[in-house]
Amino acid sequence: MAAMAPNLTIAAVRLTPVLIADPPLLNTQGVHQPYTPRLIVEVETADGITGIGETYGDTKYLDLARPLVEALRGRPVSDINGLFALADRVCETTGGGLDAGGLRGVQSADKLRLSVVSGFEVACLDALGKALGLPVHALLGGKVRDAVDYSAYLFYRWAEHPGAAGERDGWPAALDPAAVVAQARRLVEEHGFASFKLKGGVLAPDEEIAAVRALAAAFPGKPLRLDPNGAWSTETSLYVARELGDVLEYLEDPATGTPAMAEVAAATDVPLATNMCVTTFEEIPEAFAKGAVQVVLCDHHYFGGLRRTRELAALCRTFGVGVSMHSNIHLGISLASMTQVAATVPNLGYACDSHYPWVTEEVLTRRIAFKDGRVEVSDAPGLGVELDRERLGLLHRRWLADDGRMRDRDDAAAMRIAEPGWTAKRW
């Protein structure tokens with residue numbers, strides 16, 4: 001007798017917002033809060049197979065995600081294309097533009113909706129892969145590599161949050177070149193990374209130049225990147241490019257906006273990368289036509305999921321633009337998702353970013369390991385990871401107990417606790 005086909009109808013959808021410990025990492029927008037919100041999405045089929053996804057958990061994302069829960073019930077888990085039309089229909093009342101600014105540029109309701117859909121898309125693909133006995137990378141066309149390279153993500157940081165709030169992660173402060181190099185050495189020792197990215201826009205440009213120079217001396221020949229998140233003028237961007245042109249693999253978002261990036265790109269041979277002026281398909285034509293970027297940092301949370309990440313990579317290949325991968329603070333579900341899609345992108349020419357080494361908490365039964373700076377691509381069905389409900393419940397209870405201060409990330413507000421009246425600097 002032939003085996004019965006799996007019932008791929010969605011029977012239940014669960015949303016679990018959580019707060020995870022976040023270290024006091026500095027950026028041009030301020031400092032990370034003691035806890036950051038993430039949203040865990042679960043999609044369960046009629047056969048009892050559950051797929052999991054993860055995305056941003058701020059209130060504006062939750063408000064868009066909740067209407068999708070009821071709308072998804074009864075639909076095939078395999079109808080990934082239908083997710084986007086469904087999200088447009090059930091979330092259309094959100095309307096209007098939202099200038100969220102920050103580290104991913106100007107946001108809109110459409111951009112937020114894609115970030116929400118990304119969590120549901122990954123959960124559906126995870127469930128579908130488990131039902132069919134296939135890894136997610138097989139659903140995306142198959143892997144072209146067995147492991148994915150990641151870069152050490154270096155930060156200027158404090159040893160603890162203002163007022164000793166939140167958790168201590170055991171890392172010392174890093175506010176000068178020697179401390180940045182020490183941080184890099186520890187990340188290499190613990191995870192084996194072979195390339196380095198420094199989050200800039202925090203100190204004066206000459207101080208950040210000195211830090212990159214110190215890294216180049218400590219790790220000769222290793223790829224180095226600097227990302228000030230658009231904190232510099234075109235003049236400062238070109239000055240830094242001249243000073244570091246012989247050691248930088250690329251300079252990421254030195255100036256804000258496509259026109260400014262194009263002006264910088266036209267006057268330097270240092271490749272410019274972005275995760276700020278290209279965060280949707282609609283932003284690609286201007287950026288590529290003006291030669292504003294030579295590397296796009298894809299992010300499945302931004303573009304609406306794993307399949308659209310592959311579409312973005314294909315467009316980059318067509319126009320001769322390089323591909324890397326962006327990261328924000330995330331749990332292992334996102335890292336597993338990033339690794340699965342990265343494994344299928346032939347033109348992924350750079351090590352991916354990941355905040356994961358800075359994250360001390362998890363909702364999975366086991367942490368994902370870096371070996372020699374790489375994550376092995378799982379061939380297990382779905383994402384190849386398992387949800388730990390006890391850990392999930394603990395982090396959700398923290399979210400429930402919060403008085404609302406941490407449910408929306410605000411790096412500037414966190415900085416003003418330490419420095420009242422603080423405003424973001426521009427050089």
Side-chain angles (χ1 to χ4, degrees), residues 1-18 38-57 61-94 113-142 300-301 303-311 331-334 336-337 340-341 344 363-365 378-389 392-393 396:
M1 178 182 294
M4 293 182 61
N7 188 336
L8 300 179
T9 302
I10 297 174
V13 181
R14 291 181 291 274
L15 302 179
T16 308
V18 298
R38 299 295 287 177
L39 177 62
I40 309 304
V41 180
E42 296 178 75
V43 172
E44 185 176 343
T45 71
D47 283 345
I49 294 173
T50 299
I52 56 177
E54 174 190 349
T55 190
Y56 298 95
Y61 298 96
L62 276 172
D63 289 345
L64 289 170
R66 286 178 175 130
L68 279 169
V69 172
E70 289 297 328
L72 278 172
R73 290 194 180 101
R75 298 176 63 89
V77 76
S78 57
D79 184 19
I80 307 299
N81 285 336
L83 276 176
F84 299 94
L86 184 66
D88 288 343
R89 187 164 66 251
V90 302
C91 300
E92 62 186 4
T93 57
T94 57
R113 194 171 301 154
L114 287 173
S115 294
V116 170
V117 170
S118 74
F120 287 90
E121 187 241 34
V122 169
C124 287
L125 288 172
D126 185 36
L128 182 60
K130 290 173 180 174
L132 300 177
L134 295 173
V136 166
H137 67 71
L139 304 179
L140 300 175
H300 73 276
H301 305 93
F303 282 86
L306 307 186
R307 299 189 316 149
R308 289 197 172 194
T309 299
R310 284 184 44 80
E311 293 174 13
L331 293 161
I333 300 171
S334 282
S337 306
Q340 286 287 315
V341 69
T344 72
V363 295
L364 301 179
T365 54
S378 172
D379 292 322
L383 293 174
V385 296
E386 182 180 349
L387 197 61
D388 185 318
R389 296 203 171 276
L392 178 66
H396 179 54

Output all residues satisfying side chain to side chain donor-acceptor pair (under 3.5 Å) with R75, sequence neighbours left out; order by chain, then residue number. D79
Would you please name every residue forming a side chain to side chain contact (heavy atoms under 4.5 Å, CB included) with A65, sequence neighbours left out? L15, L39, V116, F120
Could you grab the distance from atom CD1 of I10 to atom OG1 of T45, nearest 0.5 Å is fine? 9.0 Å
State which residues pass side chain to side chain contact (heavy atoms under 4.5 Å, CB included) with L128; sequence neighbours excluded, sorted by chain then number. L8, V77, S78, L132, L139
Closest approach of P381 and G129, non-hydrogen atoms and distance? CB-O, 3.8 Å
Measuring from L392:CG to L331:CG, what's the distance to the nearest 0.5 Å? 9.5 Å
Distance from I40 atom CD1 to L387 atom CG, nearest 0.5 Å? 7.0 Å
Quick one: closest heavy-atom pair of P67 and L64, and the distance? CD-O, 3.3 Å
Taking side chain as C-beta onward, heavy atoms only, is L125 less than 4.5 Å from L383? no
Single hit among S337, S334, S115 for side-chain hydrogen bond (donor to acceptor under 3.5 Å, both in side chains) with H301: S334
Step by step, would you call I52 with V385 a side chain to side chain contact (heavy atoms under 4.5 Å, CB included)? CA-CA 9 Å; I52 56 177; V385 296; 4.0 Å; yes
Closest heavy-atom pair and its distance - A131, P6: O-CG, 4.2 Å
Using the test side chain to side chain contact (heavy atoms under 4.5 Å, CB included), find all partners of A380 that sit at least two apart in sequence or belong to another chain. S378
Any residue meeting side chain to side chain contact (heavy atoms under 4.5 Å, CB included) with E386, in chain and number order, not counting sequence neighbours: T365
Applying side chain to side chain donor-acceptor pair (under 3.5 Å), name anything that partners D379, two or more places apart in sequence or on another chain. H137, K143
Evaluation steps, side chain to side chain contact (heavy atoms under 4.5 Å, CB included), between L83 and L72: CA-CA 8 Å; L83 276 176; L72 278 172; 3.5 Å; yes
Do you know which two heavy atoms are closest between L114 and R308, and how far apart they sit? CD2-NH1, 3.6 Å
Under the side chain to side chain donor-acceptor pair (under 3.5 Å) rule, collect the residues that match up with E42, sequence neighbours excluded. R14, R389
For L140 and R310, which heavy atoms make the closest approach, and how far apart are they? O-NE, 3.1 Å
Which residue pairs pass the side chain to side chain donor-acceptor pair (under 3.5 Å) test with at least one member in residues 116-126, sequence neighbours excluded? D126-K130
What one should report as the nearest heavy-atom pair of T50 and A127 is C-CB, 4.3 Å
Could you tell me the separation between the CG atom of L68 and the CZ atom of R113, rounded to the nearest 0.5 Å? 9.0 Å
Do R66 and Y61 form a cation-pi contact, if we require the NZ or CZ to be under 6.0 Å from the six-membered ring centre and within 45 degrees of the ring's axis? no
Side chain to side chain donor-acceptor pair (under 3.5 Å) filter on R73, not counting sequence neighbours, yields E70
Per the salt bridge (Lys or Arg N to Asp or Glu O under 4.0 Å) rule, what does the pair list look like for residues 45-57, sequence neighbours excluded? R38-E54
Derivation and outcome, side chain to side chain contact (heavy atoms under 4.5 Å, CB included), residues D388 and L364: CA-CA 5 Å; D388 185 318; L364 301 179; 5.8 Å; no
Any side-chain heavy atom of V122 sitting closer than 4.5 Å to one from L306? yes
Residue pair I333 / V41, side-chain heavy-atom distance below 4.5 Å: no
Could you check whether any side-chain heavy atom of E44 comes within less than 4.5 Å of a side-chain heavy atom of I49, counting everything from C-beta outward? no
